[in-house]
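Heads up: the structure comes next, in structure tokens.
Please read these numbers as outputs of a predicted model, since none were measured by experiment.
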Amino acid sequence: MASVPQLQRQLIEYTASLYDEKYLDDQFLQLQKLQDESNPEFVVEVVSLFFEDSEKLLNNLATALQQKSVDYKQVDSHVHQFKGSSSSIGAQRVTNVCVHFRNYCEEKNLDGCLQCLQQVKHEYILVRNKLEALFRLEQQILQAGGSIPMME
């Protein structure tokens, strides 16, 4: 089993890679700064809500885009909501795909929208898996009696 300093170093390197690979932006760091001893699960709770909302939004988008007559205003509304929630947790790559998705909604481009739906699902699954791995690593550190190092 890895020692606490090894786990902490692993966490710092892993977190840095999430920023370097543009999975996360500074908004995630701001979220982490809001967490303290009085609310140690704050980030996990906020991100878990994001996961729940995202699943619903992705299902709503898929359903809306399968209609015979696509309501692009409704699709755009779902994408706008998804963009806002991804941005609020710092999920940069998801947010970026949502920007392109909204452009296709404006153009009423079904093929573009369907392509963006697949892309946004892909980016969402990636960031979800990365954040879940990050939280597991944090749990290992805490269970080993260590503290979570803060990123700068």
Side-chain angles (χ1 to χ4, degrees), residues 8-142 148-152:
Q8 288 171 325
R9 193 167 40 258
Q10 201 177 342
L11 178 68
I12 289 169
E13 289 169 3
Y14 184 69
T15 305
S17 76
L18 296 181
Y19 287 99
D20 292 344
E21 296 169 26
K22 308 280 189 239
Y23 285 104
L24 299 175
D25 63 23
D26 287 343
Q27 188 59 39
F28 187 76
L29 187 60
Q30 297 305 316
L31 203 58
Q32 288 180 311
K33 288 180 180 178
L34 295 173
Q35 182 167 292
D36 57 22
E37 289 83 29
S38 68
N39 196 355
E41 298 293 314
F42 179 74
V43 175
V44 171
E45 288 170 10
V46 169
V47 171
S48 294
L49 288 173
F50 166 71
F51 292 162
E52 287 173 27
D53 287 347
S54 297
E55 298 290 337
K56 288 178 200 158
L57 285 168
L58 287 168
N59 287 332
N60 291 343
L61 282 165
T63 301
L65 289 169
Q66 289 169 355
Q67 301 306 308
K68 280 187 176 154
S69 178
V70 174
D71 180 348
Y72 288 97
K73 280 192 186 320
Q74 181 190 36
V75 173
D76 185 60
S77 176
H78 292 314
V79 176
H80 180 70
Q81 191 178 346
F82 198 22
K83 179 177 165 265
S85 60
S86 343
S87 176
S88 71
I89 69 143
Q92 184 176 6
R93 287 166 57 158
V94 174
T95 304
N96 291 344
V97 175
C98 287
V99 170
H100 297 294
F101 203 151
R102 292 196 71 199
N103 291 336
Y104 285 124
C105 287
E106 199 173 296
E107 296 168 4
K108 295 180 173 35
N109 179 333
L110 183 59
D111 289 339
C113 286
L114 290 169
Q115 186 179 357
C116 277
L117 176 61
Q118 293 312 307
Q119 198 177 353
V120 83
K121 277 183 183 177
H122 176 75
E123 290 299 342
Y124 163 71
I125 290 167
L126 285 174
V127 79
R128 185 186 68 198
N129 291 341
K130 302 267 183 194
L131 287 169
E132 287 172 346
L134 179 78
F135 296 150
R136 281 193 301 274
L137 194 48
E138 287 178 349
Q139 282 305 116
Q140 287 179 324
I141 291 169
L142 294 173
I148 305 301
M150 282 304 292
M151 294 293 293
E152 292 302 318

Any side-chain heavy atom of [X] within less than 4.5 Å of one from [Y]?
{"X": "N109", "Y": "N103", "answer": "no"}
{"X": "L58", "Y": "L117", "answer": "yes"}
{"X": "E45", "Y": "N39", "answer": "yes"}
{"X": "D111", "Y": "Y104", "answer": "no"}
{"X": "F50", "Y": "R128", "answer": "no"}
{"X": "R136", "Y": "Q140", "answer": "no"}
{"X": "L131", "Y": "L134", "answer": "yes"}
{"X": "V75", "Y": "D71", "answer": "no"}

> For S38, what residues pass the side chain to side chain donor-acceptor pair (under 3.5 Å) criterion, not counting sequence neighbours?
Replying inline: D36
> Can you name the residues that form a side chain to side chain donor-acceptor pair (under 3.5 Å) with Q92, not counting sequence neighbours?
Replying inline: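 If we apply the side chain to side chain donor-acceptor pair (under 3.5 Å) test to Q92, skipping adjacent residues, there are no hits.
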> Could you go step by step and tell me if L24 and V127 meet the side chain to side chain contact (heavy atoms under 4.5 Å, CB included) rule?
Replying inline: CA-CA 8 Å; L24 299 175; V127 79; 4.3 Å; yes
Distance check, rounded to the nearest 0.5 Å: [X] atom [atom1] versus [Y] atom [atom2]?
{"X": "T95", "Y": "K22", "atom1": "OG1", "atom2": "NZ", "answer": "13.5 Å"}
{"X": "F101", "Y": "L61", "atom1": "CZ", "atom2": "CG", "answer": "5.0 Å"}
{"X": "L137", "Y": "E132", "atom1": "CG", "atom2": "CD", "answer": "14.0 Å"}
{"X": "H78", "Y": "L65", "atom1": "NE2", "atom2": "CG", "answer": "9.0 Å"}
{"X": "E138", "Y": "I148", "atom1": "CD", "atom2": "CD1", "answer": "4.5 Å"}
{"X": "L11", "Y": "F135", "atom1": "CG", "atom2": "CZ", "answer": "10.5 Å"}

Give the minimum heavy-atom separation between [X] and [Y], together with the two atoms involved.
{"X": "F82", "Y": "V120", "value": "CE2-CG2, 3.5 Å"}
{"X": "Q27", "Y": "S88", "value": "CG-O, 3.2 Å"}
{"X": "S85", "Y": "L57", "value": "OG-CD1, 4.5 Å"}
{"X": "V94", "Y": "S86", "value": "CG1-OG, 3.3 Å"}
{"X": "C113", "Y": "C105", "value": "SG-N, 3.8 Å"}
{"X": "Q35", "Y": "V43", "value": "OE1-N, 2.8 Å"}

> In terms of heavy-atom contacts, does CD of E106 have more than 12 from other residues, nucleotides or ligands at under 6.0 Å?
Replying inline: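 Counting other residues, nucleotides and ligands, CD of E106 stays at 12 neighbours or fewer.
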>> Whether the side chain of D26 engages the backbone of L29 through a donor-acceptor N/O pair (distance < 3.5 Å, no angle test) should be reported.
In response: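 Checking the backbone N and O of L29 against the side chain of D26, no donor-acceptor pair under 3.5 Å is found.
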> Tell me the side-chain hydrogen bond (donor to acceptor under 3.5 Å, both in side chains) pairs involving residues 114-124, sequence neighbours left out?
Replying inline: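 Every side-chain hydrogen bond (donor to acceptor under 3.5 Å, both in side chains) pair that includes a residue of residues 114-124, provided the two are not neighbours, is E55-Y124, R93-E123.
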